Amino acid sequence: DAGVIQSPRHEVTEMGQEVTLRCKPISGHNSLFWYRQTMMRGLELLIYFNNNVPIDDSGMPEDRFSAKMPNASFSTLKIQPSEPRDSAVYFCASSLIQGVNTEAFFGQGTRLTVV
Amino acid sequence: SQQGEEDPQALSIQEGENATMNCSYKTSINNLQWYRQNSGRGLVHLILIRSNEREKHSGRLRVTLDTSKKSSSLLITASRAADTASYFCATDARGNEKLTFGTGTRLTIIP
């Protein structure tokens with residue numbers, strides 16, 4: 001398996017533009033997580049899905065952020081409009097939650113710069 | 001908010017020495033995990049310890065868990081230059097798959 005695949009790896013955009021980050025989880029995994037990492041705030045969980053259903057989006061900063069998982073093999077995180085403070089590395093992770101096993105597999109991340 | 005707090009924030013040791021990192025958390029947990037992150041990369045799972053376990057080994061890694069103190073430690077023995085990375089603990093609660101990460105320890109191994 002190729003692991004969790006994120007695209008793009010790098011994104012530079014102007015303030016006010018819409019940004020869409022994409023994630024393909026590992027086939028067969030039933031949970032998907034979006035995290036944001038910055039020096040100041042560390043790793044923050046934004047939202048997670050279980051069986052394609054959003055379970056907890058309490059970490060989504062504000063209405064400018066939205067996430068979807070239309071099927072088991074694809075998820076998007078959208079920021080509209082983007083702001084400079086959204087600059088961060090965004091990670092997608094997937095997991096096969098079975099009993100006590102909660103190991104997460106991370107993608108390589110998308111480094112977002114909003115200028 | 002951060003569930004776990006790693007200590008120290010940064011650690012530099014000579015190659016061959018042992019490295020110990022600590023993690024404290026706030027609420028009851030189901031599992032505690034340790035992850036490694038190399039610069040510019042995603043996180044990689046190292047080891048998982050369940051709340052009813054006290055110690056676990058994997059290769060050069062040794063993890064302990066003290067649920068009464070809400071703390072865990074990660075020991076890397078005979079460190080190598082390739083162990084240079086940031087190390088994070090992560091916890092999840094019973095019935096809640098949400099993984100919450102700590103602030104991380106940046107480990108530097110000096111050749």
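Labels below follow one simple rule: chain letters A, B, ... track the order of the sequence lines, proteins then strands, and each chain is numbered from 1. Computed from a predicted structure; not experimentally measured.
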With a 4.5 angstrom heavy-atom cut-off, is it the side chain or the backbone of A/Q6 that approaches chain B, or both, or neither? neither
Inspect the contact between B/R106 and B/E6 and indicate whether a charged nitrogen and a carboxylate oxygen are less than 4.0 angstrom apart. no
Does the ring centre of [Y] sit less than 6.0 Å away from the ring centre of [X]?
X     : Y      : result
B/Y35 : B/F101 : yes
A/Y35 : A/F106 : yes
A/H29 : A/F105 : yes

Toward chain A: residues of residues 76-84 of chain B with heavy atoms under 4.5 Å: none
Answer yes if the side chains of A/Q108 and B/R41 hold a donor-acceptor pair under 3.5 Å, and no otherwise. yes
Any donor-acceptor N or O pair under 3.5 Å, side chains B/Q37, A/Q37: yes
List the steps, then state whether salt bridge (charged side-chain N to carboxylate O under 4.0 Å, His left out) holds for A/R111 with A/E11. CA-CA 6 Å; A/R111 181 175 295 277; A/E11 177 80 36; over 6 Å; no
So which of B/G40, B/S51, B/G42 has the largest heavy-atom pair count under 4.5 angstrom toward chain A? B/G42
